[in-house]
Amino acid sequence: MASHSHQPHDNAHDEPFVAELLDLEAEVLHAHLTELTGWLAELTADRPVRRVLDLGSGTGTGTFALLRRFEDAEAIAVDASPRLLHHLQGRARELGVADRVRTVEADLDAAWPDFGGVDLVWASGALHHMSDPDRALREAHAALAPGGLLAAIEMADVPYFLPDDLGIGRPGLEARCRAALADRHAEALPHRGADWGPLLSRAGFAIEAERPFTIELPRPLPEATGRYARAMLGRMRTALDGRLSAEDMSVLDALLDGDGPHSVLHRDDLVVRTERTVWAARSQA
Ligand SMILES: C[S@@+](CC[C@H](N)C(=O)[O-])C[C@H]1O[C@@H](n2cnc3c(N)ncnc32)[C@H](O)[C@@H]1O
């Protein structure tokens, strides 16, 4: 999942929007999630996966992908946001897996509840939210049964959606938007895009693989792509107020205008391009 700066504690009003964004992301990146859980199934082939722990689960995009893949497993979804967990429970009922999911509201920056020996820990876009990731990884190590696996998924940035030349305004709008936001992001989430390898080793894990994924979705793009792009660029637009030229801002507004001729909801030149790295690390007794 992409990186959305949303501490649940101070941005509660933002959560319905975040929930929508996370769900759209899971829909658009469905094939990638399937590939990723397939890889984890290979890495865990020697021991059954019965209990999975999704750290910073949000709306459960990882939880549900894991339950699809590991049909005998139950999941514990942990998040600090009760609203996102409530959303997750509703989704679990819709998907018919409510009896396989337990939600736990917890601040993973504080002392962790006892999760009691899990086989697989999944942390997607979550570790960089921790104020002390070293501590969180030690806790994750303690939560795993010996020989259990942790998958840490980290994304460099939110996906790219726009072609360089949009046919309106100056080319390169999306790159300028990102450049204008870079400082702000670095300040809000200093661990975003971190190399988790050294921290995993320090926490006692044996790293089995560090795998980069380059995602460039083939056409036809998933049906939800326009809505996902609109949600993500709309979020960017809010953060960009006062940081972009008036011309760029008006082009961005035209892209976000649901009914307008340039709207991302109707364009046929969108792309979905992003990169992420996944560390698979084994707990050692
Ligand atoms: C970028 S979202 C990722 C959600 C989900 N893992 C996904 O990939 O779709 C980060 C999640 O971490 C949660 N989170 C942030 N800080 C947290 C903390 N200290 N304790 C527990 N959860 C936290 C947020 O509420 C949010 O749901």
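Only heavy atoms go into these numbers, but all of them, side chains included; no hydrogens, no water, no symmetry mates. Both counts, for ligands and for their atoms, begin at 1 and track the order of listing.
Salt bridge absent: Glu174 and Arg273 never bring a charged side-chain N and a carboxylate O closer than 4.0 Å. Ion pair Asp14/Arg235 flagged as a salt bridge, since at least one NZ, NE, NH1 or NH2 atom sits closer than 4.0 Å to an Asp/Glu carboxylate oxygen.
Residues passing the ring-ring contact (aromatic ring centres under 6.0 Å, His included) test with His87: none are found, sequence neighbours excluded.
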Give the table of side-chain donor-acceptor pairs shorter than 3.5 Å for residues 254-262, with sequence neighbours excluded, one pair per line with atom names and distance.
{"from": "Asp257", "atom 1": "OD1", "to": "Asp259", "atom 2": "N", "distance (Å)": "3.2"}
{"from": "Asp257", "atom 1": "OD1", "to": "Gly260", "atom 2": "N", "distance (Å)": "3.4"}

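Distances from atom 18 (C) of ligand 1 to the heavy atoms of Leu55, Asp132, Asp107 put Asp107 nearest.
Between Ser81 and ligand 1, a contact under 3.5 Å exists for no N or O pair. Taking only nitrogen or oxygen atoms, main chain and side chain alike, Leu22 does not reach within less than 3.5 Å of ligand 1. No N or O atom of Asp54 sits closer than 3.5 Å to an N or O atom of ligand 1. At a 3.5 angstrom cut-off on N or O pairs, Ala126 does not count as close to ligand 1. Between Met130 and ligand 1, a contact under 3.5 Å exists for no N or O pair.
The residue Ser131 has no part lying near ligand 1, judged by heavy-atom distances below 4.0 Å. Counting heavy atoms closer than 4.0 Å to ligand 1, residue Leu84 contributes side-chain atoms (C-beta onward) but none from N, CA, C or O.
Here is the list of ligand 1 atoms found below 4.0 Å of a heavy atom in Ala106: 20 (N), 21 (C). Here is the list of ligand 1 atoms found below 4.0 Å of a heavy atom in Gly125: 1 (C), 10 (C). Ligand-side atoms of ligand 1 in range of Thr61: 7 (C), 8 (O), 9 (O), range being under 4.0 angstrom from any heavy atom.
Every heavy atom of Gly62 sits 4.0 Å or more from the atoms of ligand 1. Distances shorter than 4.0 angstrom do not occur between any heavy atom of Ala26 and any atom of ligand 1.
Put simply, the side chain of Asp109 gets close to the backbone of Ser131: a donor and an acceptor are under 3.5 Å apart.
Counting heavy atoms from C-beta on, the side chains of Leu120 and Phe70 come closer than 4.5 Å. Considering only heavy atoms from C-beta on, Trp122 comes within 4.5 Å of Leu40 through its side chain.
In this structure, CZ on Phe161 lies 8.5 Å from OG1 on Thr274, to the nearest 0.5 angstrom.
For the pairing with His128, the side chain to side chain donor-acceptor pair (under 3.5 Å) check across Arg192, Glu154, His191 returns one residue only, Glu154.
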